[in-house]
Structures are given as C-alpha cells and as structure tokens.
Amino acid sequence: MSQDILLYNSLTRKKELFQPLHPPFIGIYVCGPTVYGPPHLGHARPYVVFDVVIRYFEHCGFKVRYVRNITDVGHLEGDCDEGEDKILKRARMEQVEPMEVVQRYTREFHAAMDSLNVRSPSIEPLASGHIIEQIEMIKKIMSAGLAYETNGSVYFDVPGYAKNHSYGKLSGRVLDELLTYTRELEGKEEKRNAVDFALWKKADQRHLMRWPSPWGDGFPGWHLECSVMSSKYLGEPFDIHGGGIDLQFPHHECEIAQSVAASGKEPVRCWMHNNLITINGRKMAKSLNNFITIEQLFTGTHPLLKRSYSPMTIRFFILQAHYRSTLDFSNEALEAAEKGLQKIMASVKNLLLLKAGAATSSDVKSLRKKCYDALNDDFNSAVVIAHLFEAARISNAAYAGHETVSAEDLEELKSVMNLFTFDILGLKDENFAQGGKSVEQLMEIIITIRNRARKNKDFATSDAVRDELKKINIQLKDEKDGTTRWEMG
RNA sequence: GGUCAGAUGGCCGAGUGGCUAGGCAGAGGUCUGCAAAACCUCCCACAGCGGUUCGAAUCCGCUUCUGACCUCCA
C-alpha cells in the first residue's frame with residue numbers, strides 16, 4: 001500500500017515528498033518528556049500526533065523504528081551556575097529520592113499514554129542510561145576544537161562552529177542577532193559567549209544526580225541526550241525528528257550543531273514540529289503554571305473544567321486540528337469533540353445493523369481516496385475526520401431509510417470507517433468496552449420489562465426506568481420498529 | 001528590540017486563486033406515548049485598508065491585534 005506522502009519540513013519550510021533513506025525502513029525520533037511532574041494536556045498532543053504518523057506509515061507498509069526518549073537526568077532550571085536541577089528540586093519538595101520522582105512520573109506518563117491509546121515506541125531510551133555515550137560525544141566535539149572546558153564544565157563554542165557551519169538554519173536565527181539579544185545571565189563568566197551552551201555541567205556537592213567524567217563529577221548538558229540516542233539507535237542521518245515547536249530553538253538547533261561538530265554529518269532529513277495547545281490564548285506549559293493534567297481531564301478535577309472528559313474525547317479533540325496549528329483548549333471545544341466522537345461511534349454501530357439495498361444513493365466510492373489524500377497532505381487528520389462525518393451521515397441516513405447502500409458499498413463503508421477511525425486515527429469505542437456479556441443479558445431483561453410497561457401505557461414506570469438508567473450513563477433508544485437499543489456513555 | 005507564525009460565521013476548526021469544508025451550538029421540520037438519537041432544511045464567515053487579477057479567505061503592500069521563540073518547556 002504505497003502512498004505519496006507530503007511532509008512539511010521545518011528545515012526547508014516547505015512540504016516535501018517523503019522518501020525514506022532506506023526503504024522500507026523509517027527511523028523516527030521524537031523528543032520525550034522530562035519526568036519531573038505529572039503529564040498534562042500539552043504533552044498529549046505530540047504523542048497522539050506522532051502515534052497517528054506511525055500508525056499511518058506502518059499501514060503504508062513501512063517498517064518503522066520509533067525512538068522516544070525519557071529525560072531523567074534533570075537539567076538546570078536556569079542558564080546559570082546557581083540553577084537548580086529541576087528533578088532534584090522536585091525531589092527535595094517531596095522528600096524523596098530523585099530516582100523515585102523519575103520513576104513515579106515515568107509510570108504516570110506511561111499510564112496516560114495507554115489511556116489515550118498511544119502505542120509504545122520501539123525504543124524508549126533513558127538519558128541516564130547513556131551517560132558514557134554522551135561523554136564520548138563531548139570528547140569528539142572537543143577534538144574537533146568546537147568545545148572548551150571551564151571549571152569542570154564543558155561548553156559548545158557556537159561562534160567557532162558558525163565559522164564553517166550554519167547555526168540557526170532550523171529556527172531562522174541569525175547569530176549576530178543572538179549575540180546582541182541573548183539575555184545576560186549570572187554565571188556566564190564560564191562561557192566565552194552568551195550563546196554557547198553546556199555539554200557537561202559540573203555538579204556541586206549537594207547535587208545528587210552526578211556521574212564521573214574526564215572533567216570531574218557532573219551531568220550532561222541539556223541537548224546532548226537526543227543527539228546521542230537518536231544517532232545510536234537510528235544512525236546518521238535518519239529520516240524524521242519530531243517534537244513540539246517550542247523545542248525548535250534552542251534544543252533542536254543545538255542538536256544539529258552537536259552532531260555536525262562530532263561526526264561531520266547532518267543528523268536529520270526531515271524535522272516535524274507540532275504546534276502547542278493554548279489555554280486562554282497562551283501556551284499551556286509547566287513553566288507558565290497554566291496546565292491541566294491528563295488525570296484532571298479524566299476526573300474533571302480542575303477549576304477550569306466544567307466536568308470530566310474521556311480519554312478518547314481528548315484524542316479526538318487533538319486530531320480535529322491540524323498538528324501545525326495551535327489548538328485552543330476550552331470546555332466548549334471539548335464538549336463539541338465529545339459529541340462529534342459519539343456521533344461517529346454510533347454510526348459505526350448503525351453500519352453493523354444496516355441492510356444492503358439495490359443501489360447506492362451517495363458517493364461512497366470516493367471516501368477512501370479522500371481520506372488517503374488528506375493524510376498524504378502532511379497528515380491532515382482534521383480533514384480525515386470531516387470525511388468520516390460524511391461516512392457517518394451516509395450510514396445514519398441509510399439506517400433512517402433516507403438513503404440506500406449497495407452490498408458492495410456497505411462493505412466499503414465499513415472497511416473505510418474501521419481503517420481510518422480505529423486503525424489509523426487510533427480511536428476506540430469506549431462505551432463498547434465497558435459492557436460485558438452479563439451486562440448485555442441484564443439489559444435485555446430490563447428492556448423487556450420496560451417494554452411490557454409501555455405496552456400497558458404505564459409510562460410512569462417506563463420513563464422511570466429510562467431516567468434511572470440515564471443517571472448511570474446508560475442511554476435507551478426506542479426504535480420505530482418497537483425494539484429498544486441501549487448505549488453506555 | 002529581533003525572528004517566525006497567525007487573525008476564518010455564536011464556539012472549535014479545515015481550506016493558498018474560481019467549485020458546500022466539517023463538528024458543536026441555534027432555528028424549523030420528520031420520526032416518537034413522551035424523550036434521546038437520527039434524518040431533512042436554514043444560519044453562507046474569512047481583522048482593516050489599498051493593490052494584482054476576468055475572478056482573492058487564498059497572491060502583494062501597509063495598518064491593527066494576537067501568539068511562539070530569543071531562559072527550562074511537548
């Protein structure tokens with residue numbers, strides 16, 4: 001199933017035909033979370049987006065190696081010597097070991113990803129497990145003459161690198177402007193230039209997360225782990241590097257510089273950056289303290305939440321926007337997503353009950369191609385969903401008797417719905433999952449009794465049954481033919 | 001201050017030169033004992049001002065506003 005996929009490359013600022021370096025294999029690296037706090041809505045976006053990217057690549061027949069790291073070494077809070085390791089800070093706050101913080105939030109992150117139906121990456125490397133490789137990379141950069149040591153810390157020489165290479169090409173920075181406007185921070189005396197960045201930081205005596213190195217005890221710099229782990233598992237260069245747009249500078253720019261300095265090779269063919277989730281017009285971020293955790297969304301326990309929202313509502317909400325647009329959080333938007341998702345799920349069930357007619361009265365045949373076209377155009381999941389709504393409309397209209405669908409087209413409709421809704425967009429029917437066999441049998445009994453009451457015009461009883469069930473999230477639907485269907489949710 | 005993105009109907013959100021995006025909300029109708037759901041119909045927007053063009057939400061210029069990045073961040 002080969003497709004011509006256009007991908008927007010941040011490096012060239014245009015859409016390019018995606019061609020893997022070594023077909024049918026694809027190597028993709030996505031920046032993972034720093035595990036120093038509970039995962040929030042902002043984290044959900046890149047991982048949901050890239051989950052769909054990978055599902056689609058695999059559907060198209062590619063063999064994907066997907067690497068997504070866990071940052072667990074703790075980077076400095078500020079760009080200065082007095083900066084405190086953020087994992088360490090959290091650990092002190094909670095009176096626990098740093099490793100405990102790391103493991104707890106890693107587990108929370110995994111649980112959140114599972115609930116959102118985000119599949120695990122092929123490899124999930126830890127920064128702390130690659131200290132030796134990071135030290136080796138620093139040595140290479142030093143022998144290339146592009147890093148220097150000061151007081152047990154090692155810094156990357158950005159102006160030196162920029163003499164022969166383009167520093168800023170990914171993010172559109174101009175070095176001279178950076179040199180003029182980069183904020184002056186305390187502790188800069190160790191650096192030759194404000195734009196230089198740390199490859200290795202000396203650990204002071206209180207610092208618990210520390211490793212021995214040729215320059216003394218310390219810990220690796222902020223950008224190094226991604227360069228090291230991506231090249232280790234995917235080679236150099238590899239196909240796609242993804243992450244949030246807020247990482248484009250300086251993080252990804254520095255990754256390029258490090259790799260080029262160490263190996264002389266351009267590390268990445270295509271850079272993909274997802275845009276951010278905003279709340280009241282501002283980006284949702286830990287640093288702005290305006291985030292809603294994924295757990296809070298599921299339970300509705302946050303002052304800004306009117307109620308709880310299910311995991312698939314969150315996933316659908318994210319996929320209803322194109323990944324390069326900002327996506328604004330609001331209760332109204334989430335409620336709309338929930339309704340829309342329910343509509344699609346209900347139509348999938350209708351499809352199973354639908355009887356084929358002689359001919360098809362709507363355009364079913366073009367749906368599949370339209371969905372492929374949308375995905376091939378830089379993963380436009382929003383447009384795919386619009387087409388799924390059209391499929392839902394046809395399905396429901398046929399169920400209501402307003403349209404007919406031939407046997408062949410009915411199979412096509414089912415196939416398209418299943419493929420794009422479940423396999424590629426990775427949505428799940430949450431309601432269906434809740435009812436077991438015995439629940440179905442119980443419902444059958446309840447419905448039979450209620451219908452007996454309705455037959456006797458005992459509507460007080462029949463309505464009471466329906467209302468009570470509604471309270472525990474079970475919806476009864478009386479059909480024209482006298483049967484009653486039920487749904488959870 | 002610099003760089004880069006945006007500004008789409010009540011809300012969310014696609015769309016880069018001509019053809020209905022879509023969803024949610026709202027109005028009317030069909031169906032129903034009543035509901036819910038569903039279906040049908042309606043609501044036809046593109047920040048402002050110029051320009052290019054037979055034709056612009058879409059291209060160009062200016063203005064206003066917003067955001068991201070320039071410090072950790074998905």
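Chain letters run A, B, ... following the sequence lines, proteins first and then strands; every chain starts at 1.
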Open item on the list: Just to be sure I understand: a Watson-Crick pair is purine N1 to pyrimidine N3 plus N6-O4 or O6-N4, both under 3.5 Å. Using that and G-U wobbles, which stems of three or more pairs involve RNA chain B?
Closed with: B:1-7 with B:64-70, B:10-12 with B:22-24, B:26-30 with B:38-42, B:47-51 with B:59-63
Task: NZ/NE/NH1/NH2 to OD/OE distance under 4.0 Å, A/Asp458 and A/Arg452 - done: no
Open item on the list: According to salt bridge (Lys or Arg N to Asp or Glu O under 4.0 Å), does anything in residues 362-372 of chain A pair up with another residue at least two apart or in another chain? List the pairs.
Closed with: A/Lys365-A/Asp409, A/Arg368-A/Glu412, A/Lys369-A/Asp373
Task: Rounded C1' spacing from B/G15 to B/C46 in Å - done: 11 Å
TODO: Using the test ring-ring contact (aromatic ring centres under 6.0 Å, His included), find all partners of A/Phe291 that sit at least two apart in sequence or belong to another chain.
DONE: A/His40
- [ ] With RNA chain B as reference, determine whether A/Gly340 or A/Gly244 sits nearer its 5' end, using the nearest nucleotide of each.
- [x] A/Gly340
- [ ] Name all residues meeting the side-chain hydrogen bond (donor to acceptor under 3.5 Å, both in side chains) criterion together with A/Asn117; count only those two or more places apart in sequence or in a different chain, and write none if there are none.
- [x] none
- [ ] Write down the distance separating the P atoms in B/A45 and B/U8, rounded off to the nearest Å.
- [x] 15 Å
Open item on the list: For a quick check, with a 4.0 angstrom heavy-atom cut-off, what is the B/S/- contact string for nucleotides 1-13 of chain B, read 5' to 3'?
Closed with: BBSS-------SS
- [ ] Compare the aromatic ring of A/Phe459 with the six-membered base ring of B/G33 and state whether they stack according to the 5.5 Å and 30° rule.
- [x] yes
Open item on the list: For A/His387, give me all partners under side-chain hydrogen bond (donor to acceptor under 3.5 Å, both in side chains), at least two apart in sequence or on another chain.
Closed with: none
Open item on the list: A/Ser122: which residues meet the side-chain hydrogen bond (donor to acceptor under 3.5 Å, both in side chains) condition with it, sequence neighbours left out?
Closed with: none
Task: ring-ring contact (aromatic ring centres under 6.0 Å, His included) involving A/Phe298 - partner list, sequence neighbours excluded - done: none
TODO: Under the side-chain hydrogen bond (donor to acceptor under 3.5 Å, both in side chains) rule, collect the residues that match up with A/Tyr47, sequence neighbours excluded.
DONE: none
Task: Base-contact (B) and sugar-phosphate-only (S) positions in nucleotides 35-42 of chain B, heavy-atom cut-off under 4.0 Å, - elsewhere - done: BBSSSS--
Task: Residue whose closest nucleotide on RNA chain B lies nearer the 5' end, A/Ile245 versus A/Arg45 - done: A/Ile245
Open item on the list: What's the gap between B/A25 and B/G48 when it is taken at their P atoms, as a whole Å value?
Closed with: 29 Å
Open item on the list: For A/Phe50, give me all partners under ring-ring contact (aromatic ring centres under 6.0 Å, His included), at least two apart in sequence or on another chain.
Closed with: none
- [ ] Using the P atom on both, measure B/A68 against B/G55 and round to a whole Å.
- [x] 39 Å
TODO: For nucleotides B/A14 and B/A57, find the distance between their C1' atoms and express it as a whole number of Å.
DONE: 12 Å
Task: salt bridge (Lys or Arg N to Asp or Glu O under 4.0 Å) pairs, two or more places apart, involving residues 243-256 of chain A - done: A/Asp246-A/Lys283
Task: Pairwise P distance for B/A21 and B/C42, with rounding to whole Å - done: 13 Å
TODO: Find out whether the Lys NZ or Arg CZ of A/Arg324 is both under 6.0 angstrom from the six-membered ring centre of A/Tyr8 and within 45° of the ring's axis.
DONE: yes
